[in-house]
Amino acid sequence: MRTTVGIIGGGPAGLLLARMLHRAGIDCVVLESRTREYVEHRQRAGMLEQGTVDALRACGAAGRLETEGLVHQGIELRFAGERHHIDFPVLTGGRTVTIYAQTEIVKDLVALQLAEGPPLLFEAEALAVEKPESDAPVVRFRHGGREQTLTCEWIAGCDGFHGISREAFPAATSRTYEHDYPYSWLGILADVPPSCEELIYARGERGFALHSMRSPVVSRLYLQVPNGTDPDDWSDERIWDELAARFAIDADWTLERGPITAKSVTPMRSYVHEPMRHGRLLLAGDAAHIVPPTGAKGLNLAVSDVSLLARALTAVHRTGSTQLIDRYSKLCLSRVWQATRFSYDMTRMLHAQPNGDAFESRMQLARLRRITASHHAAAELAANYTGLPLPV
Ligand code: APR
Ligand code: PHB
C-alpha cells in the first residue's frame with residue numbers, strides 16, 4: 001500500500017488529522033489496532049476548549065457537537081466548606097468551554113471517515129516504523145492476519161502513550177520527562193441528572209472530587225483514590241457516600257444519586273517526549289505527552305498538535321515549503337509544556353497529600369484563597385483552563 005501520510009492510531013488525534021488532511025486533498029490512511037466498537041466506547045475526557053470546538057467546526061465534524069454540546073461559562077471551586085465561581089467570559093474577554101464526550105467526537109469522526117474517506121483500517125496493528133529518515137518511510141503492520149507495509153511520504157504517530165511510534169526515535173536524541181502522582185482517579189458514569197450546572201472541583205482533607213457531566217441526564221464524577229485501588233472494592237453506595245462527603249458545603253446543596261453504569265481507576269502522570277519529530281515521522285497527542293486530567297488538557301493538546309501538523313503537511317504538499325514542519329516540534333512543545341505546567345499546578349493544588357503534609361495542605365488553601373480573592377490570579381487560571389492561544 002502507498003499513501004502520502006500514514007497515520008498510526010484512530011483515536012481523536014489520528015482521526016482528526018485524517019479529516020483535516022482529507023479536506024485539504026491530501027491522501028492518508030489510518031491504521032487502528034482496535035475495533036471500531038472499542039475506540040468508540042473508551043471513556044475519556046469531555047471538556048473542550050474553544051479552539052477544539054473551532055477545529056472540529058472548521059473541518060465539518062461539529063454537527064452533533066453544535067446541538068448536544070453543553071456550553072459552560074465557568075467552573076466552581078469548592079474548599080473549606082465554601083463555593084467560588086470562576087467566570088470565564090468575564091476573566092478572559094468572552095471565552096467559554098464546552099462539555100462533549102471524547103467518545104462522541106470519535107464516533108462523529110469515524111462515521112465521517114467511513115462515509116467520505118480516507119481509508120480507516122480497524123484491527124490493523126502497526127508493528128514498526130521503518131526508514132523514518134528517508135523520503136519514503138514505511139509502516140509495517142498486521143491486518144487480516146497478514147503482515148503488510150504502508151509506504152508513505154510522512155508518518156504521523158498518533159498511537160497514544162502505549163503505541164510504537166516513539167520506538168523509531170533514536171535514543172541518542174530522545175529526551176523524556178516524567179512525573180508520577182501518588183494518587184489516582186476513580187471515575188464513574190451515572191444515570192442521574194447532574195447536581196450542578198457547571199463543573200465542581202472540590203478540594204478537601206478527605207481527598208479531591210470532581211463533578212462533571214455528559215448530558216442533562218448523565219453525570220460524570222471522579223474521586224481521588226490511592227494508587228492501585230481496585231474499583232470493585234468501591235460499591236455504588238460507598239462511592240456516593242464519599243462523593244457527598246467531599247462535596248459537602250455550608251449551604252443548601254444536595255448531591256443527587258443514581259445507578260452507576262461505568263467505573264474505572266486511572267493513575268495520574270505527566271509525561272513529555274522531546275522532540276516530536278524525527279525525519280519524516282511526527283508525533284501528535286498522547287504519543288508525545290500525557291497530562292493528569294485535572295486541567296482537562298489531554299484531548300485539547302491532541303487537537304492543537306494535529307491542527308498544527310495538518311497545516312504543516314498541507315504547506316509541504318501544496319508549496320513544498322518545509323518552514324512550518326521544521327518548526328512543528330518546537331511550536332507544539334511550547335504549548336505542551338504550558339499545559340503540563342497548568343495540569344501539574346491544578347493537580348497539586350486540589351489533591352490531598354497521602355502523607356498528610358500539613359504545610360502542603362496550607363499552601364493549597366493559600367493558592368485557592370489567592371485565586372478566589374484576586375482578579376489577576378483568577379484570570380490566570382481562566383486563561384489556562386479555556387486554552388492558551390495556539391503558538392502560531
Ligand atoms: N497500531 C495501531 N493503532 C495503535 C497502536 C498500534 N501499534 N497502538 C495504539 N494504537 C491506537 C489505540 O488503540 C488508540 O485508539 O492508537 C490510538 C491512540 O488514541 P489515544 O490513546 O486516545 O490518543 P490520542 O488520539 O492522542 O488522544 C488523546 O485520548 O487517551 C485520551 O486523555 C487522552 O483525551 C486524550 C486523548
Ligand atoms: C470530564 O468531564 O471527563 C472531565 C472534565 C474536566 C476535567 C477532567 C475530566 O478536568
Side-chain angles (χ1 to χ4, degrees), residues 6-18 29-49 52 70 72 75 97-106 109-110 120-129 139-143 150 155-168 185 187-189 194 198-201 208-215 218-222 262 264 266 268-269 271 283-306 309 339 342-343 346-347 350 385:
I7 299 173
I8 305 174
L15 293 169
L16 183 56
L17 177 62
V29 172
V30 177
L31 304 174
E32 165 53 49
S33 56
R34 298 287 192 146
T35 64
R36 174 177 184 180
E37 171 79 10
Y38 180 89
V39 299
E40 291 187 346
H41 292 87
R42 257 185 320 216
Q43 285 307 323
R44 288 287 199 281
M47 172 60 75
L48 310 186
E49 296 173 1
T52 296
L70 304 172
H72 285 189
I75 58 173
V97 291
T98 301
I99 283 281
Y100 188 70
Q102 178 171 314
T103 49
E104 304 316 297
I105 293 175
V106 169
L109 289 168
V110 165
L120 166 54
L121 278 61
F122 288 107
E123 298 181 275
E125 181 184 10
L127 305 172
V129 171
V139 181
R140 192 157 45 81
F141 68 100
R142 182 183 297 115
H143 182 55
L150 177 64
I155 295 173
C158 301
D159 44 347
F161 185 69
H162 301 290
I164 53 99
S165 297
R166 290 195 307 272
E167 294 167 15
W185 275 14
I188 66 167
L189 272 179
E198 296 172 338
L199 273 55
I200 303 172
Y201 288 78
F208 171 76
L210 170 61
H211 193 323
S212 184
M213 59 204 67
R214 288 292 176 266
S215 77
V218 176
S219 292
R220 177 73 161 151
L221 298 105
Y222 300 92
S264 63
T266 306
M268 300 179 79
R269 73 160 60 91
Y271 175 91
L283 300 180
D286 275 17
H289 41 71
I290 294 284
V291 287
T294 326
K297 289 299 161 201
L299 174 57
N300 294 295
L301 270 182
V303 171
S304 60
D305 287 350
V306 298
L309 184 51
F342 174 66
S343 304
M346 281 281 278
T347 301
L350 292 167
Y385 194 99

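Every number for a ligand or one of its atoms is a count from 1 in the order of the listing. Since we're looking at a predicted model, the values are computed, not measured.
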Open item on the list: As an exercise, identify every atom of ligand 1 less than 4.0 angstrom from a heavy atom of A13.
Closed with: 24 (P), 25 (O), 26 (O)
Open item on the list: I want to check something: taking the side chain as every heavy atom from C-beta on, are E198 and I75 in contact at a cut-off of under 4.5 Å?
Closed with: no
- [ ] Ignoring hydrogens and angles, tell me if any N or O in the side chain of K297 forms a donor-acceptor pair with the backbone of I290 under 3.5 Å.
- [x] no
TODO: Could you tell me whether the side chain of D305 and the main chain of G285 form a donor-acceptor pair under 3.5 Å?
DONE: yes
Open item on the list: Please determine whether side-chain contact (heavy atoms from CB on, under 4.5 Å) holds for the pair I8 and F141, giving the CA-CA distance in whole Å, both sets of side-chain angles, and the decisive distance to 0.1 Å.
Closed with: CA-CA 10 Å; I8 305 174; F141 68 100; over 6 Å; no
Task: Side-chain donor/acceptor of D159 to backbone N/O of R166, under 3.5 Å - done: no
Open item on the list: Within ligand 1, which atoms have a heavy atom of L31 less than 4.0 Å away?
Closed with: 2 (C), 3 (N)
Open item on the list: Which of the numbered atoms in ligand 1 are under 4.0 angstrom from any heavy atom belonging to G163?
Closed with: 8 (N)
Open item on the list: So, taking the atom named CD in Q102 and the one named CD in E40, what distance separates them when rounded to the nearest 0.5 Å?
Closed with: 12.5 Å
Open item on the list: Would M47 count as being in polar contact with ligand 2, using the rule that some N or O on each side must be under 3.5 angstrom apart?
Closed with: no
Open item on the list: So if I count the atoms of ligand 2 from 1 in the order they appear, which ones are less than 4.0 Å from some heavy atom of A296?
Closed with: 6 (C), 7 (C), 10 (O)
TODO: Show which atoms of ligand 1 fall inside a sub-4.0 Å distance from at least one heavy-atom site of R34.
DONE: 13 (O)
Open item on the list: Tell me whether R142 at atom CZ has more than 12 heavy atoms from other residues, nucleotides or ligands lying less than 6.0 Å away.
Closed with: no
- [ ] Specify whether F208 and Y201 have parallel, tilted or perpendicular ring planes, treating 30° as the upper limit for parallel and 60° as the lower limit for perpendicular.
- [x] tilted
Task: For atom 1 (C) of ligand 2, closest protein heavy-atom neighbour - done: R214 NH2, 3.4 Å
Task: Shortest protein contact, atom 8 (C) of ligand 2 (heavy atom only) - done: P293 O, 3.2 Å
TODO: Using a strict cut-off of 4.0 Å, indicate which atoms of ligand 1 neighbour a heavy atom of L299.
DONE: 34 (O), 35 (C)
Task: Those atoms of ligand 1 less than 4.0 Å from some heavy atom in G285 - done: 26 (O)
Open item on the list: How long is the straight-line distance from OG1 of T98 back to CG of L48, given to the nearest 0.5 Å?
Closed with: 6.0 Å
TODO: May I ask you to identify the nearest protein heavy atom to atom 27 (O) of ligand 1, giving residue, atom name and distance to one decimal place in Å?
DONE: P12 CD, 3.5 Å
Open item on the list: Does any N or O of ligand 1 fall below 3.5 Å from an N or O anywhere on E125, backbone included?
Closed with: no
Task: Nearest-0.5 Å distance that lies between atom NE2 in H72 and atom CE in M47 - done: 6.5 Å
TODO: Quick one: look at I8 and ligand 1, take heavy-atom pairs under 4.0 Å, and tell me if it's side chain, backbone, both or neither.
DONE: side chain
Task: Pick from G9, G11, G46, P292: the one approaching atom 19 (O) of ligand 1 most closely through a non-hydrogen atom - done: G11
Task: Closest approach of any protein heavy atom to atom 1 (N) of ligand 1, naming residue and atom - done: A126 N, 2.9 Å
Open item on the list: Return the closest protein heavy atom for atom 2 (O) of ligand 2 as residue, atom name and distance.
Closed with: S212 OG, 2.6 Å
Open item on the list: Starting from atom 29 (O) of ligand 1, what is the nearest protein heavy atom, named by residue and atom, and what distance separates them?
Closed with: Q102 NE2, 3.0 Å
TODO: Identify the protein heavy atom lying closest to atom 9 (C) of ligand 1, giving its residue, its atom name and the separation to 0.1 Å.
DONE: D159 O, 3.2 Å
- [ ] Among all protein heavy atoms, pick the one closest to atom 11 (C) of ligand 1 and tell me residue, atom and distance.
- [x] E32 OE1, 3.3 Å
TODO: Record the part of L210 in heavy-atom contact with ligand 2 below 4.0 Å; permitted values are side chain, backbone, both and neither.
DONE: side chain
- [ ] Quick one: look up the protein heavy atom nearest atom 31 (C) of ligand 1 and list residue, atom name and how far away it is.
- [x] R44 NE, 3.4 Å
Task: Heavy-atom gap M346 to ligand 2 smaller than 4.0 Å - done: no
Task: Region of V39 that comes within reach of ligand 1 [heavy atoms, distance under 4.0 Å] - done: side chain
Task: Closest candidate by heavy atom, reference atom 7 (C) of ligand 2, pool W185, Y201, Y222, Y100 - done: Y201
- [ ] State the OG1-OH distance between T52 and Y100, to the nearest 0.5 angstrom.
- [x] 13.5 Å
TODO: Please report which non-hydrogen protein atom sits nearest to atom 18 (C) of ligand 1, along with the residue it belongs to and the distance in Å to one decimal place.
DONE: C158 O, 3.4 Å
Open item on the list: Would A302 count as a polar contact of ligand 1, with the cut-off being nitrogen or oxygen pairs under 3.5 Å?
Closed with: no
TODO: Any chance you could measure R44, atom CZ, to I105, atom CD1, to the nearest 0.5 Å?
DONE: 13.0 Å
Open item on the list: Just to confirm my output: which protein heavy-atom neighbour is closest to atom 4 (C) of ligand 1, and how far is it?
Closed with: S33 OG, 3.3 Å
- [ ] Measure the distances from the heavy atoms of P293 to every atom of ligand 1 and state whether one is below 4.0 angstrom.
- [x] no
Open item on the list: Taking 4.0 angstrom as the limit and counting only heavy atoms of G46, give me the atoms of ligand 2 inside it, by number and element.
Closed with: 1 (C), 3 (O)
Task: Nearest heavy atoms of M213 and I99, plus distance in Å - done: O-CG2, 3.3 Å
Open item on the list: Using 0.5 Å steps for rounding, measure from the OG atom of S33 to the CD atom of E125.
Closed with: 6.0 Å
Open item on the list: A side-chain contact here means heavy atoms from C-beta on lying under 4.5 Å apart; do L127 and I164 qualify?
Closed with: no
- [ ] For L199, counting its heavy atoms only, list the atoms of ligand 2 lying under 4.0 Å from any of them.
- [x] 5 (C), 6 (C)
Open item on the list: Taking 4.0 angstrom as the limit and counting only heavy atoms of I164, give me the atoms of ligand 1 inside it, by number and element.
Closed with: 7 (N)
Open item on the list: Counting only nitrogen or oxygen atoms and a 3.5 angstrom limit, does R220 reach ligand 2?
Closed with: no
Task: Backbone N/O of F122 and side chain of H143: donor-acceptor pair under 3.5 Å - done: yes
Task: Any N/O pair Y385/ligand 2 closer than 3.5 Å - done: no
